[in-house]
Amino acid sequence: MTDWDMELVHVESAALDALGAANSLETIDAAAAESVGKRSVLAAMQRSLRDVDPDERRRRGALLQASRTRIAQAVATRRGELLAAHRRDQLASDALDLGDVITSARPWALTAGHGGLIPAVQAELEDVFVAMGFTVAEGPEVETDWYNFEALNIPPAHPARGLWDTFYVELGDPETIVLRTHTSPTQVHLMEQAVATGTLPIHSVMPGRCYRRDTPDARHLAVFHQVEGLVVDQNITFADLAGVIETFTRAFFGPDIRSRLRPGYFPFTEPSAEFEITCTICRGAGCRTCSQTGWIELGGCGMMDPAVFDAVGIDPERWSGFAFGFGIDRCAQMRAGIADLRALTENDVRFLEQF
Ligand code: DAH
């Protein structure tokens with residue numbers, strides 16, 4: 001072997017080492033250029049053939065060509081490997097990471113649901129009244145005009161009907177079947193039953209869903225909940241009513257929330273009052289939720305109107321009583337500090353999860 005031959009062996013093995021060490025498509029291309037490109041040692045050796053005699057030039061030319069072929073093969077092999085690896089990486093990074101999907105899906109699929117805020121508040125309200133000696137009753141959500149209005153001293157075409165924007169059900173004669181606009185008709189059912197079974201007195205609360213053709217806003221929903229209260233007994237006075245309202249407010253909202261009764265009008269009670277509590281959103285300072293008044297109206301109350309006793313056959317000379325009705329959703333809103341009641345119907349999990 002001549003020195004030239006030795007150099008060729010050395011150059012080829014250095015090139016093959018460099019190609020083998022290339023670990024990316026960029027480095028293999030650079031290594032290939034370095035070993036066989038115009039400025040490579042191999043190219044210089046090729047050029048040097050000009051200076052040797054023809055036989056030796058032919059011999060060296062063949063050796064150089066064989067060397068170039070082996071290097072080219074090594075480039076192709078390594079390039080193929082790197083390309084395959086590159087494609088694998090790309091596929092892996094483009095792939096939907098099922099691991100992530102499954103992990104993030106797991107809480108959704110496996111976390112047990114929980115009751116909503118309104119049923120929880122309703123249960124708590126019932127507890128407060130049960131502790132005060134009331135029983136709990138329920139009535140139908142679809143009512144006849146008589147239960148929802150007439151028996152409550154609101155005859156057909158009475159202007160007070162304007163207080164309740166009513167959804168009518170297409171059943172029977174027009175505007176005779178309604179979605180109840182309040183829980184007050186359940187009072188009527190309860191009094192009828194008590195009269196029929198001879199089980200007066202009554203001390204009951206009646207929670208349930210109500211419907212009004214109202215445009216929802218921060219304090220109103222078209223489908224909402226009320227709890228009705230009814231006491232029919234002997235020698236019942238307005239002081240008993242005020243005491244029940246005050247006791248309820250303290251028990252449910254805590255001692256820092258004040259309640260007040262303001263003169264009001266309802267056809268089924270006389271006298272009537274509106275029942276308000278301090279707005280818990282602004283603590284009485286005035287805000288959007290309470291229309292800057294500092295007070296939130298929860299509902300109404302009053303002494304049973306003798307006309308209602310007449311409608312159900314209770315003797316107003318012997319019995320007296322009071323009734324009240326207020327919004328469960330409002331109570332929930334004031335307890336949980338929800339500025340806008342519509343959040344309850346939007347099904348945003350970030351909101352619902354808080355209760
Ligand atoms: N039913 C009334 C309403 O929906 C609230 C109410 C007022 C209920 C006075 C009563 C009552 O029982 O005595 O606005």
Side-chain angles (χ1 to χ4, degrees), residues 125 129 134-141 143 145-154 158-167 178-192 194 202-214 219-233 236-246 248-249 259-277 296-312 314 316 319-331 341:
L125 289 171
F129 284 110
F134 288 77
T135 59
V136 179
E138 282 183 1
E141 291 175 23
E143 286 285 12
D145 183 273
W146 193 78
Y147 282 101
N148 196 80
F149 291 120
E150 250 186 280
L152 292 165
N153 198 26
I154 318 166
H158 191 282
R161 289 204 178 201
L163 295 174
W164 298 276
D165 286 316
T166 309
F167 283 117
V178 306
L179 295 183
R180 69 175 175 193
T181 58
H182 47 182
T183 42
S184 300
T186 307
Q187 289 181 24
V188 180
H189 288 287
L190 231 57
M191 288 186 283
E192 281 182 339
I202 299 171
H203 305 88
S204 284
V205 289
M206 296 144 264
R209 199 180 281 134
C210 304
Y211 305 82
R212 276 186 211 172
R213 235 180 52 225
D214 275 343
R219 282 174 316 205
H220 298 88
L221 298 174
V223 180
F224 60 102
H225 303 77
Q226 282 189 339
V227 59
E228 193 79 11
L230 174 67
V231 169
V232 179
D233 208 331
I236 298 294
T237 69
F238 198 93
D240 297 311
L241 167 59
V244 164
I245 295 286
E246 182 63 18
F248 156 77
T249 304
S259 71
R260 68 176 186 186
L261 294 178
R262 296 203 309 161
Y265 169 75
F266 296 98
F268 30 91
T269 41
E270 182 59 36
S272 302
E274 274 166 18
F275 162 32
E276 299 183 336
I277 62 163
I296 288 281
E297 189 191 329
L298 280 191
C301 57
M303 302 308 290
M304 291 305 291
D305 192 304
V308 177
F309 278 169
D310 275 347
V312 294
I314 291 178
W319 301 95
S320 55
F322 64 78
F324 57 84
F326 56 85
I328 296 178
D329 314 79
R330 284 283 174 85
C331 288
L341 211 48

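Atoms within a ligand are numbered from 1 in the order they appear, just like the ligands themselves. Heavy atoms only: backbone and side chains are in, while hydrogens, waters and symmetry mates are out.
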Chemist: Taking a cutoff of less than 4.0 Å between a non-hydrogen atom of the residue and any ligand atom, is S272 in contact with ligand 1?
Modeler: no
Chemist: With only distance considered, is A323 within less than 3.5 Å of ligand 1 through an N or O on each side?
Modeler: yes
Chemist: Just jot down the ligand 1 atoms closer than 4.0 angstrom to any heavy atom of Q187, in number order.
Modeler: 12 (O)
Chemist: Is there a donor-acceptor contact under 3.5 Å from the side chain of D233 to the main chain of H203?
Modeler: no
Chemist: Give the contacting part of F324 toward ligand 1: side chain, backbone, both or neither, where contact means a heavy-atom distance below 4.0 Å.
Modeler: backbone
Chemist: Tell me the contacting part of S184 for ligand 1: side chain, backbone, both, or neither, using a 4.0 Å heavy-atom threshold, strictly below.
Modeler: side chain
Chemist: Only counting residues at least two apart or in another chain, list the ones meeting side-chain hydrogen bond (donor to acceptor under 3.5 Å, both in side chains) with T249.
Modeler: none
Chemist: Do the side chain of E274 and the main chain of G264 share a donor and acceptor less than 3.5 angstrom apart?
Modeler: no
Chemist: Using heavy-atom distances, let me know which of G299, G325, P267 sits nearest atom 5 (C) of ligand 1.
Modeler: G325
Chemist: Identify, by atom number and element, the atoms of ligand 1 in contact range of W164, meaning under 4.0 Å from any of its heavy atoms.
Modeler: 3 (C), 4 (O), 14 (O)
Chemist: Does T181 reach ligand 1 with a nitrogen or oxygen that is under 3.5 Å from one of the ligand's nitrogen or oxygen atoms?
Modeler: no
Chemist: Are any of the side-chain nitrogens in E141 or R209 under 4.0 Å away from the carboxylate oxygens of its partner?
Modeler: yes
Chemist: Under 6.0 Å between ring centres, would you say that holds for F275 and F324?
Modeler: no
Chemist: Apply side-chain contact (heavy atoms from CB on, under 4.5 Å) to the pair L261 and F238, showing each step before the final yes or no.
Modeler: CA-CA 11 Å; L261 294 178; F238 198 93; 4.0 Å; yes
Chemist: For Q226, counting its heavy atoms only, list the atoms of ligand 1 lying under 4.0 Å from any of them.
Modeler: 3 (C), 4 (O)
Chemist: Describe, in one word, how the ring planes of F129 and F134 are oriented to each other, choosing from parallel (under 30°), tilted (30 to 60°) and perpendicular (over 60°).
Modeler: perpendicular
Chemist: When you look for heavy atoms under 4.0 Å from ligand 1, do you find them on the side chain of F268, its backbone, both, or neither?
Modeler: side chain
Chemist: Any atoms of ligand 1 less than 4.0 Å from a non-hydrogen atom of H182? List them with their elements.
Modeler: 1 (N), 2 (C), 4 (O)
Chemist: If the threshold is 4.0 Å, N to carboxylate O, is there a salt bridge linking R161 and D145?
Modeler: yes
Chemist: When you measure from the side chain of S204 to the backbone N and O of L230, does any donor-acceptor pair fall under 3.5 Å?
Modeler: no
Chemist: Considering E270, R212, M304 one by one, which has a heavy atom nearer to atom 14 (O) of ligand 1 than any of the others?
Modeler: R212
Chemist: With heavy atoms of G302 as the reference, note each atom of ligand 1 found under 4.0 Å away.
Modeler: 13 (O)
Chemist: Considering heavy atoms of the protein only, find what lies nearest to atom 13 (O) of ligand 1 and give residue, atom and distance to 0.1 Å.
Modeler: T269 CG2, 3.0 Å
Chemist: What protein heavy atom sits nearest atom 10 (C) of ligand 1, and how far off is it?
Modeler: E228 OE2, 3.4 Å
Chemist: Of the options W164, Y147, Y211, which is the one that meets H182 in a ring-ring contact (aromatic ring centres under 6.0 Å, His included)?
Modeler: W164
